[in-house]
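The structure appears right after this line, and notes come after that.
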Amino acid sequence: EKKARLAQDSTTKGLATCRVLLAELEAHQDAWPFLTPVNHKAVPGYRKVIKKPMDFSTIREKLITNQYSNWETFIVDVNLIFENCERFNEDDSEIGRAGHSMRIFFDKRWAELLM
Ligand SMILES: Oc1ccc2c(c1)N[C@H](O)CC2
């Protein structure tokens, strides 16, 4: 409800919930492609194709160093992971499927926790 959403936007509660959500994402069995930054030196084309790399360890560092002003800026970075994955991987691939699985999980959990 609007008032609740506004409260979560501005209080640390919103960001505390992001820590809970991030821990669940990192613990998910399909999180393995997204745990740490892609080694763009080892992956031809990655740096050229993916303009804004993102991964869960980078999000954790940004949370810890207070670089997210609210849960919405946190969600932008999480969705960046899934957008990068869809851009670089076939849907019918191991990592492509992991990305779709993680996005479905995330969409459900943040709706439950933050809406
Ligand atoms: O075959 C490969 C090898 C490396 C990677 C991918 C696929 N996809 C990841 O999104 C980026 C890293």
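Counting starts at 1 for both ligands and their atoms, in listed order.
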- Query: Do NZ/NE/NH1/NH2 and the carboxylate oxygens of D92 and R97 come within less than 4.0 Å?
  - Reply: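 A salt bridge is present here (some side-chain N lies under 4.0 Å from a carboxylate O).
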
- By number and element, which atoms of ligand 1 are closer than 4.0 Å to a non-hydrogen atom of V38? 11 (C), 12 (C)

- Would a search of protein heavy atoms around atom 2 (C) of ligand 1 find one under 4.0 Å away? no

- Message: The test is salt bridge (Lys or Arg N to Asp or Glu O under 4.0 Å); show your working for E112 and K108 and say whether it passes.
- Response: CA-CA 6 Å; E112 288 164 356; K108 181 171 176 292; 2.9 Å; yes

- Rounding to 0.5 Å, atoms CD1 (I50) and SG (C85) come to a distance of 9.0 Å

- May I ask you to identify the nearest protein heavy atom to atom 8 (N) of ligand 1, giving residue, atom name and distance to one decimal place in Å?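 Of every protein heavy atom, N89 OD1, 2.8 Å lies nearest to atom 8 (N) of ligand 1.
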
- Query: In the protein, which heavy atom is nearest to atom 4 (C) of ligand 1, and how far is it?
  - Reply: V43 CG2, 3.8 Å

- Where do N89 and S93 come nearest, in terms of heavy atoms and distance?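 In this case the closest contact between N89 and S93 is CB-OG, 3.9 Å.
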
